[in-house]
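Given the structure is predicted, the values throughout are model-derived calculations rather than measurements.
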Amino acid sequence: MQIPDVPDLAHARPRPIHWLATATAMAGVVALTTLTQPGAATASPSGDHQVRAAGPGRSAPAAPDPAEADFPLECGGAGTVVTRKAYGDLDGDGTPETVAVVRCEAGSGTPPSGVYVLTGAGGEPRVVATLVDPGEKRSVGPDFAIRDGIVLATLLGYSGPDVPSCCPDEEEHVSWRWKNGAFVRGERPVARGV
């Protein structure tokens, strides 16, 4: 019989008490992690959220519903479609505005979009600013959002009349910020992968 060089480590054999201790420790870590999580996020891809919470006993003002607004689009008898919307307090008054991307209904193709700011002050939603006029012949990419009171969008367009309408070949990353009583348009940096 050969005697092992390593002493017998009885405590290294797992017993039910070891598994119970490990499970208890893991449950404690999970519970502690749950208690230390950050608050709920306020961003959503569709922008369907309120960005400012109401004080105690008060309800948050509702953002204007773009489905109830009249947009300054000439669609030749066709209706309008709200393709994107985002809500946020753009002017710092504590009341959320709605920014809507709107185009004419079309059976095919991609008609140009208009980007409009709506307010609900006074009851009915109304357009108070046009950020992109449909006459610019632009559409809006999927990364449309409001962050920290700034409207962010990617505008898609065409370099010339020979470019097919299905396939825009120009891309511009823009932002709008409320400043001195008007929306000021600016370029925004594009995040690049490493």
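Smallest separation of non-hydrogen atoms from P164 and Y158: O-CE2, 3.4 Å. In plain terms, the two heavy atoms of T98 and A63 that are nearest each other are OG1-CB, 3.6 Å. Closest heavy-atom contact between S159 and V163: OG-CG2, 3.6 Å. For the residue pair P66 and A100, the shortest heavy atom distance occurs at CB-CB, 4.0 Å. Taking each heavy atom of I146 and G88 in turn, the nearest pair found is CD1-N, 3.8 Å. Heavy atoms only, all atoms of each residue included: D89 and G94 are closest at OD2-N, 2.7 Å.
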> Going through the distances and angles, do L131 and V117 end up as a side-chain contact (heavy atoms from CB on, under 4.5 Å)?
Replying inline: CA-CA 7 Å; L131 303 181; V117 178; 3.9 Å; yes

> Could you walk me through whether L90 and V99 pass the side-chain contact (heavy atoms from CB on, under 4.5 Å) check?
Replying inline: CA-CA 9 Å; L90 301 175; V99 181; 3.6 Å; yes

>> Go through it in stages, so that I can follow the logic: the residues are E97 and D91, the test is side-chain contact (heavy atoms from CB on, under 4.5 Å), and I'd like the CA-CA distance, side-chain angles, deciding distance and then a yes or no.
In response: CA-CA 8 Å; E97 286 78 30; D91 57 6; 3.3 Å; yes

> Run the side-chain contact (heavy atoms from CB on, under 4.5 Å) check on T83 and V140 step by step: do they pass?
Replying inline: CA-CA 9 Å; T83 59; V140 178; over 6 Å; no

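For residues 79-109, every residue pair satisfying the disulfide (SG to SG under 2.5 Å) rule, not counting sequence neighbours, is listed here: C75-C104. The list of salt bridge (charged side-chain N to carboxylate O under 4.0 Å, His left out) pairs with a residue in residues 67-81, not counting sequence neighbours, is empty. The salt bridge (charged side-chain N to carboxylate O under 4.0 Å, His left out) contacts involving residues 148-170 comprise R138-E170, where partners must be two or more places apart or lie in separate chains. Sequence neighbours left out, not one pair with a member in residues 123-143 passes ring-ring contact (aromatic ring centres under 6.0 Å, His included).
Residues satisfying the side chain to side chain contact (heavy atoms under 4.5 Å, CB included) test with R185, not counting sequence neighbours, are E136, L155, E172, V174, W176. Residues meeting the side-chain hydrogen bond (donor to acceptor under 3.5 Å, both in side chains) test with T154, sequence neighbours left out: D143, H173, R188.
Here the straight-line distance linking atom CG of D93 with atom CH2 of W178 works out to 9.5 Å at 0.5 Å rounding. The OG1 atom of T80 lies 10.0 Å from the CZ atom of R103; values are rounded to the nearest 0.5 Å.
Using modelled atom types, one side-chain atom of R84 and one backbone atom of G141 make a donor-acceptor pair closer than 3.5 Å. The closest donor-acceptor contact from the side chain of S139 to the backbone of P112 lies at 3.5 Å or more, if one exists at all.
As a member of the Ile/Leu/Val/Met/Phe/Trp/Tyr network built from side-chain separations under 4.5 Å, L73 groups with F71, V82, V102, Y116, L118, V127. Connectivity analysis of hydrophobic side chains (ILVMFWY, heavy atoms under 4.5 Å, direct or indirect) links I150 to L152.
With contacts defined as side-chain heavy-atom distances shorter than 4.5 Å, the pair S175/F183 does not qualify.
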